[in-house]
**Student:** 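The structure follows.
Keep in mind that what you see is a predicted model, and the values were worked out from it rather than measured. Computed over heavy atoms, backbone and side chain alike; hydrogens, waters and symmetry mates excluded.
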Amino acid sequence: HRSTFLANTATYGAGLYLTNSDADLFDLRVLGNEAAYGGGLYATLGADPTLNNCEFSGNHASTRGGGARYYSSSIANLYNCTLANNTVGVSNGGGGVHAQNSTFGAINCVLWDNADSTGVGAGAQIVLASSPSLLGSCLVQGGFAGIDNLDADPLFVNATGWDGIAGTADDNLRVVG
């Protein structure tokens, strides 16, 4: 609980790499990691992780999935998670999340200020390639279809922390109020 994966580099999943795994992950902070695919998280080959109360901030992927990449029959189960200020170096690469041939599910999550090479619009938050999704009660910048999803600023306490740099230990992704 309350583990932090900070400033790692790899080709796949610099923060976490999961293959054919049913991991239950709680209270993780995945910050400032960099990879070609899945800067913060890479899940593949039937991985079925459940993430609860996790933060992904300041992660970068050069190709797909700045915050997280789900690939090849993986299933994403996110609850009360925040993915903010993650980036990907290409358009339509999913600054927040990129899912391909996988299933993406998120309940009560925030996807905000994630960017691809074109900016921080809806397409930079979540990209689904041949992947069904179910999002409910989420805040998604630019909007996203689902049940009770909103395009409303989450009003983070201090998303880039006192140093002004996303993906460092002082990031505060709690919401004001």
Side-chain angles (χ1 to χ4, degrees), residues 1-5 15-16 18 21-31 38-43 47-59 61 64-71 73-88 92-116 119-161 166-167 171-177:
H1 292 326
R2 206 54 177 168
S3 295
T4 299
F5 296 87
L16 296 157
L18 303 171
S21 168
D22 293 337
D24 290 325
L25 305 169
F26 299 89
D27 299 324
L28 294 180
R29 298 187 79 208
V30 183
L31 309 170
L41 165 72
Y42 188 87
D48 185 8
T50 299
L51 283 75
N52 286 285
N53 197 36
C54 295
E55 298 176 0
F56 291 77
S57 176
N59 298 292
R64 299 280 183 263
R69 163 96 157 134
Y70 294 89
Y71 183 69
S73 303
S74 293
I75 301 172
N77 304 290
L78 281 71
Y79 301 95
N80 305 311
C81 292
T82 300
L83 290 93
N85 298 310
N86 299 291
T87 59
V88 68
N92 206 31
V97 172
H98 188 279
Q100 184 175 355
N101 300 319
S102 295
T103 301
F104 182 74
I107 303 296
N108 197 37
C109 292
V110 177
L111 288 103
W112 206 263
D113 276 341
N114 298 295
D116 64 13
V120 294
Q125 307 308 311
I126 303 171
V127 172
L128 303 171
S130 301
S131 296
S133 68
L134 173 61
L135 273 75
S137 302
C138 293
L139 295 179
V140 181
Q141 188 170 9
F144 196 87
I147 301 164
D148 296 327
N149 294 325
L150 298 173
D151 174 11
D153 189 338
L155 303 174
F156 295 125
V157 171
N158 192 348
T160 58
D171 293 0
N172 189 343
L173 298 176
R174 289 178 292 162
V175 296
V176 173

**Student:** Quick one: closest heavy-atom pair of A61 and G38, and the distance?
**Tutor:** CB-N, 4.0 Å

**Student:** Can you confirm whether the side chains of N77 and D48 place a donor and an acceptor under 3.5 Å from each other?
**Tutor:** yes

**Student:** Could you walk me through whether F104 and I126 pass the side-chain contact (heavy atoms from CB on, under 4.5 Å) check?
**Tutor:** CA-CA 10 Å; F104 182 74; I126 303 171; 4.3 Å; yes

**Student:** For the side-chain contact (heavy atoms from CB on, under 4.5 Å) test, which of T50, L16, V30 pairs with L25?
**Tutor:** L16

**Student:** Yes or no on side-chain contact (heavy atoms from CB on, under 4.5 Å) for F56 and L51, after CA distance, side-chain angles and deciding distance?
**Tutor:** CA-CA 11 Å; F56 291 77; L51 283 75; 3.5 Å; yes

**Student:** When rounded to the nearest 0.5 angstrom, what is the spacing between OG1 in T103 and CG in L134?
**Tutor:** 10.5 Å

**Student:** Using side-chain heavy atoms (C-beta onward) and a distance below 4.5 Å, is F5 in contact with N59?
**Tutor:**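 No, their side chains stay 4.5 Å or more apart.
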
**Student:** Indicate the atoms forming the closest heavy-atom contact of G66 with V88, along with that distance.
**Tutor:** N-CB, 4.2 Å

**Student:** Answer whether the closest heavy-atom distance between the side chains of F144 and S133 falls below 4.5 Å.
**Tutor:**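 They are in side-chain contact.
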
**Student:** Donor-acceptor pair, distance only, cut-off 3.5 Å: does the side chain of S74 make one with the backbone of A43?
**Tutor:** yes

**Student:** Please report the shortest heavy-atom distance between A129 and H98, naming the atom on each side.
**Tutor:**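 Scanning both residues completely, I find the closest heavy atoms to be CB-CE1, 4.4 Å.
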
**Student:** Would you compute the distance between atom OG1 of T82 and atom CG of D113 and round it to the nearest 0.5 angstrom?
**Tutor:**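 Those atoms lie 12.0 Å apart.
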
**Student:** Taking E55 for the side chain and R29 for the main chain, is one N or O donor matched with an acceptor at less than 3.5 Å?
**Tutor:** no

**Student:** Rounded to the nearest 0.5 Å, what separation is found between the CG atom of L139 and the CG atom of L111?
**Tutor:** 9.0 Å

**Student:** Against N80, only a single residue in N108, N53, D27 fulfils side-chain hydrogen bond (donor to acceptor under 3.5 Å, both in side chains); can you say which?
**Tutor:**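 Of all the options given, the one that passes is N108.
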
**Student:** When you compare the side chain of L78 with that of L83, does any pair of heavy atoms fall below 4.5 Å?
**Tutor:** yes

**Student:** Given side chains that start at C-beta, do those of L173 and S57 come closer than 4.5 Å, heavy atoms only?
**Tutor:**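 With C-beta onward as the side chain, the pair touches.
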
**Student:** Could you walk me through whether W112 and V140 pass side-chain contact (heavy atoms from CB on, under 4.5 Å), step by step?
**Tutor:** CA-CA 6 Å; W112 206 263; V140 181; over 6 Å; no

**Student:** Is there a donor-acceptor pair under 3.5 Å between the side chain of N149 and the backbone N or O of L135?
**Tutor:** yes

**Student:** Could you tell me which non-hydrogen atom of G58 sits nearest to which non-hydrogen atom of N86, and how far apart they are?
**Tutor:** N-OD1, 3.3 Å

**Student:** Looking at S102 and S131, what are the two nearest heavy atoms and their distance?
**Tutor:** O-CB, 2.8 Å

**Student:** Identify the heavy atoms of V97 and Y70 that sit nearest to each other, and give their distance.
**Tutor:** CG1-CD1, 4.2 Å

**Student:** Going from CZ on R2 to CZ on F26, what distance comes out if it is rounded to the nearest 0.5 angstrom?
**Tutor:**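 Result: 14.0 Å between the selected atoms.
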
**Student:** Checking D116 side chain against G94 main chain: does a donor-acceptor pair fall under 3.5 Å?
**Tutor:**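 The answer is no, because no donor-acceptor pair under 3.5 Å joins these two groups.
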
**Student:** Using atom types as modelled and distance alone, determine if a side-chain donor or acceptor of Q125 lies under 3.5 Å from a backbone N or O of N114.
**Tutor:** yes

**Student:** Ignoring hydrogens and angles, tell me if any N or O in the side chain of D151 forms a donor-acceptor pair with the backbone of G142 under 3.5 Å.
**Tutor:** yes

